[in-house]
Amino acid sequence: NAGVTQTPKFQVLKTGQSMTLQCAQDMNHNSMYWYRQDPGMGLRLIYYSASEGTTDKGEVPNGYNVSRLNKREFSLRLESAAPSQTSVYFCASSKQGAFSETQYFGPGTRLLVL
Amino acid sequence: KQEVTQIPAALSVPEGENLVLNCSFTDSAIYNLQWFRQDPGKGLTSLLLIQSSQREQTSGRLNASLDKSSGRSTLYIAASQPGDSATYLCAGDAGNKLTFGGGTRVLVKP
């Protein structure tokens with residue numbers, strides 16, 4: 001039982017390049033989330049998926065797209081990376097499809113946009 | 001809009017001392033308050049979740065309280081150990097998303 005896994009662990013991009021961050025969970029959870037963590041800003045929600053087949057915007061969705069590929073996988077795509085997207089990205093999941101319960105976090109992806 | 005604040009941003013204590021970590025939030029209409037631990041370069045680990053109808057939760061040496069009327073939550077760690085060194089984050093759930101505080105970085109000195 002690996003919990004929540006994220007790939008890659010670290011990535012360097014040039015401005016304008018695109019990439020997809022991958023996230024998978026093996027806990028049969030309904031809900032999945034993408035956050036970014038920046039110094040002095042805490043964690044902020046980018047997008048979430050309450051259940052398979054649905055996605056919703058969070059607090060800072062601009063510049064990102066998501067895909068809930070199946071119940072296990074939730075990917076985050078940067079179509080045209082900008083230096084402001086330099087951050088640590090965390091994927092999380094929870095069981096029942098509501099925020100009012102424990103979320104389980106992946107180890108994070110560190111992204112540097114030059 | 002919910003705002004969550006954690007003061008101080010950093011804290012250093014000698015081993016064995018009790019830790020008191022503070023979290024304040026602006027919107028008292030929260031569904032729950034969660035405490036997380038984050039080790040350097042790692043993800044977040046959930047420690048305690050207090051439902052809005054509860055006043056406290058306990059797990060081992062950890063005890064978290066919630067006072068919705070004053071907009072405060074406190075995490076107590078009894079008899080701190082060097083292994084407790086980490087960043088502790090609180091997050092308020094207002095029904096559609098978690099709002100995180102900036103965290104308190106704790107160092108427990110042997």
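Since the model is a prediction, treat every value here as computed from it, not as a measurement. Chain identifiers are assigned alphabetically (A, B, ...) following the order of the sequence lines, protein sequences preceding nucleic acid strands; residue numbering begins at 1 within each chain.
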[X] with [Y], same ILVMFWY side-chain cluster at under 4.5 Å:
X       : Y        : value
B:Leu66 : B:Leu75  : yes
A:Leu45 : B:Phe100 : yes
B:Leu62 : B:Leu21  : yes
A:Val60 : A:Trp34  : yes
B:Tyr76 : B:Val106 : no

Open item on the list: So, taking the atom named CD in A:Gln37 and the one named CG in B:Leu44, what distance separates them when rounded to the nearest 0.5 Å?
Closed with: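 Going from CD on A:Gln37 over to CG on B:Leu44, the span is 6.5 Å.
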
Could you tell me whether [X] atom [atom1] has more than 12 heavy atoms of other residues or ligands within 6.0 Å of it?
X       : atom1 : result
B:Arg72 : CZ    : no
B:Ile7  : CD1   : no
B:Arg55 : CZ    : no

TODO: Determine the minimum heavy-atom distance between B:Gln38 and A:Phe90, stating which atoms define it.
DONE: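 Taking B:Gln38 first and A:Phe90 second, the nearest heavy atoms are NE2-CZ, 3.4 Å.
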
Task: Over all atoms of both residues, closest heavy-atom pair of A:Leu43 and B:Leu89 - done: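 Of all heavy-atom pairs spanning A:Leu43 and B:Leu89, the closest is CD1-CD2, 3.9 Å.
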
- [ ] Residue by residue, scan residues 104-114 of chain A and write down, ordered by number, those that have a heavy-atom distance under 4.5 Å to chain B; if none do, write 'none'.
- [x]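 Answer by number: A:Phe105, A:Gly106, A:Pro107, A:Arg110.
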
Task: Any side-chain heavy-atom pair of B:Leu98 and A:Tyr35 under 4.5 Å - done: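 With C-beta onward as the side chain, the pair touches.
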
